[in-house]
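Reading through the structure tokens given below for one structure.
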Amino acid sequence: MRDLPTGPSLLALARDVLLNDLMRLLPEEARLDARLVANSMAIAEREAETAGGLGEAIARELANLYDCREKGEKAEDLLRCFAHDLRVGAFKNSEPQERMARQILWQLTTSKLHQANPRFLAANGFDWPCLEIEQCLNPGFRK
Amino acid sequence: MADTASPRSDTPLRTGALSAEGRAALARFLAAASGARAVEVTGLVSLRGGAIQENWAVDAYFTGGSLAGDQRLVLRTAAPTGVATSLDRLQEFAVLRAAFAAGVTVPEPFFASDDPTIFGKPFFIMRRVSGMAAAHRITRDAALEPALPGIAERLGRELARIHTIRPPRSDLAFLNAYKEVGPTRQITGFRAYLDRHPTPRPVLEWGIRWLETHLPSSSAPVLCHHDFRTGNYMLDGTTLTGILDWEFAGWGDAHEDIGWFCCKGWRFARLDREAGGISDRAPFYLGYESEGGRSIDPQRVFFWEVLASVRWAVIALQQSDRYMFGGERNLDLALTGRRATECELEILMLLDPAGAPPDA
């Protein structure tokens, strides 16, 4: 239980103050750093909004991929196992597994970009209006 | 390496902090190297933008010698931490000299020294060229629009000139043998880095696997710039005044530089313009082929473009490592690590162009 306003909303307000009140008072040579600060705050805000959900959802997908053999394993361990299997081409002989693996790669990447750089995602033709984690992981995006 | 690493503007942004003794030592070095009777260092300020290297604008008056009169120079030396694969400053100086001699538009290289009593670390001196290299401005500036295809063609010609430098070269003997810098060695390096990285990167592993199973045939080695892209050349208005940042140069496949220039990571504000964010590929390819006579193989470029996205992702992660593990307090470096995921999206878009497969 935390007090209100929430951490993400404080970050949003602080960023707004930085960009709209403080930026014009800064000397020109300090503005690039100030924009980087604002960008960092935006990323932190978006990540705080979806804290935990992204990792858990990807872990569920990975558990499905591994047919529950890895049930109970930590998301980080499953992801490491997944990365290793991709390195050695472990899914190349199973079309269903290869398809699931590609789905996870897309979900992982677009979900992370939604937090880190949604404008880049949009610039590449991915329409992602929602912030709900379940929707984010099943956006049905297409180029 | 991110969009920096060399003098990016005429405008010094920070005042340097070099002692009077340091200035005097630099003046003595410049006098001895140029044959001047005396040199007065009239200005010395740090130039913002050196993510891997540190650049100083040096204004100096030479009395006599090969540079007699007022000179606007750049002193280039190493930043506190860097990327392990880059050349040292004396090696970079040798490459810059080779490029200058080959007719590539580069800041004229003058002198180099590894004497620590002058600047505290090895450095070299080159002419300070005018203009700006800010990639976001170049790719956004409406006033540049009509000139951009011509600039792309000129850059193609410049790259072809770089690629006329071929081994063996006794002055570049420090560069690795070609067979050691091909894609296989890079793939091994990427994996070694990922093995040390604290977070698994499945997309990179998948992309690297594709590279490993689609290796191109070997080709005659040329000097590759290895960071030839928008952000690493200077424009004064619409005139190209210098190709910058030679610290990653080495022998390699000519298509590697083409793939790097065209990869999405270096298109900045114009992802739709596949040649460095400034034009489509045709003018760039035309300039390259007409200057060098070597025809471009699109399939080969595709391979190197995939590799470029993997390489840029690894470099981005290495940049944020400099903050996380190297103790460099630099927000720009810290944020650069986040760009790795942009490269991963590009890897997916290149290798899985139909998009995410639907549920079975």
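Just so we're on the same page: letters track the sequence lines, and every chain starts at 1.
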Might you point out which heavy atoms bring [X] and [Y] nearest each other, and give the distance in Å?
{"X": "B/P202", "Y": "A/L86", "value": "O-CD1, 3.4 Å"}
{"X": "B/P200", "Y": "A/E76", "value": "CD-OE2, 3.5 Å"}
{"X": "B/L348", "Y": "A/L105", "value": "CD1-O, 3.6 Å"}

Of the backbone (N, CA, C, O) and the side chain (C-beta and beyond), which part of A/E28 lies under 4.5 Å from a heavy atom of chain B, both, or neither?
neither
Examine whether an atom of A/V37 lies under 4.5 Å from a heavy atom of chain B, and if so say whether it belongs to the side chain, the backbone or both; otherwise answer neither.
both
Option in A/T109, A/I43, A/I104 with maximal non-hydrogen atom pairs under 4.5 Å from chain B
A/T109
Is the closest basic N to carboxylate O distance between A/R87 and B/D195 below 4.0 Å?
yes
In the structure I gave you, are the side-chain heavy atoms of [X] and [Y] within less than 4.5 Å of one another anywhere?
{"X": "A/R102", "Y": "B/W206", "answer": "yes"}
{"X": "A/H84", "Y": "B/E205", "answer": "no"}
{"X": "B/M349", "Y": "A/W106", "answer": "yes"}
{"X": "A/D33", "Y": "B/L331", "answer": "no"}
{"X": "A/F126", "Y": "B/L345", "answer": "yes"}

Can you measure from [atom1] ([X]) to [atom2] ([Y]) and round to the nearest 0.5 angstrom?
{"X": "B/R209", "Y": "A/D85", "atom1": "CZ", "atom2": "CG", "value": "11.0 Å"}
{"X": "A/R35", "Y": "B/L335", "atom1": "CZ", "atom2": "CG", "value": "13.5 Å"}
{"X": "B/T341", "Y": "A/H114", "atom1": "OG1", "atom2": "NE2", "value": "14.0 Å"}

Give a yes or no on this: more than 12 heavy atoms of other residues, nucleotides or ligands lie within 6.0 Å of atom CZ of A/R31.
yes
Step through the shown structure and confirm whether more than 12 heavy atoms of other residues, nucleotides or ligands are within 6.0 Å of CD on B/Q299.
no
Taking every non-hydrogen pair under 4.5 Å, which of B/E342, B/R338, B/E344 racks up the most with chain A?
B/E342
Can you tell which of A/Q103, A/E98, A/M100 makes a side-chain contact (heavy atoms from CB on, under 4.5 Å) with B/P357?
A/Q103
Just do the side chain to side chain contact (heavy atoms under 4.5 Å, CB included) check on A/F120 and B/L271 with the steps written out, would you?
CA-CA 9 Å; A/F120 183 81; B/L271 299 184; 4.1 Å; yes
Examine whether an atom of B/I208 lies under 4.5 Å from a heavy atom of chain A, and if so say whether it belongs to the side chain, the backbone or both; otherwise answer neither.
neither
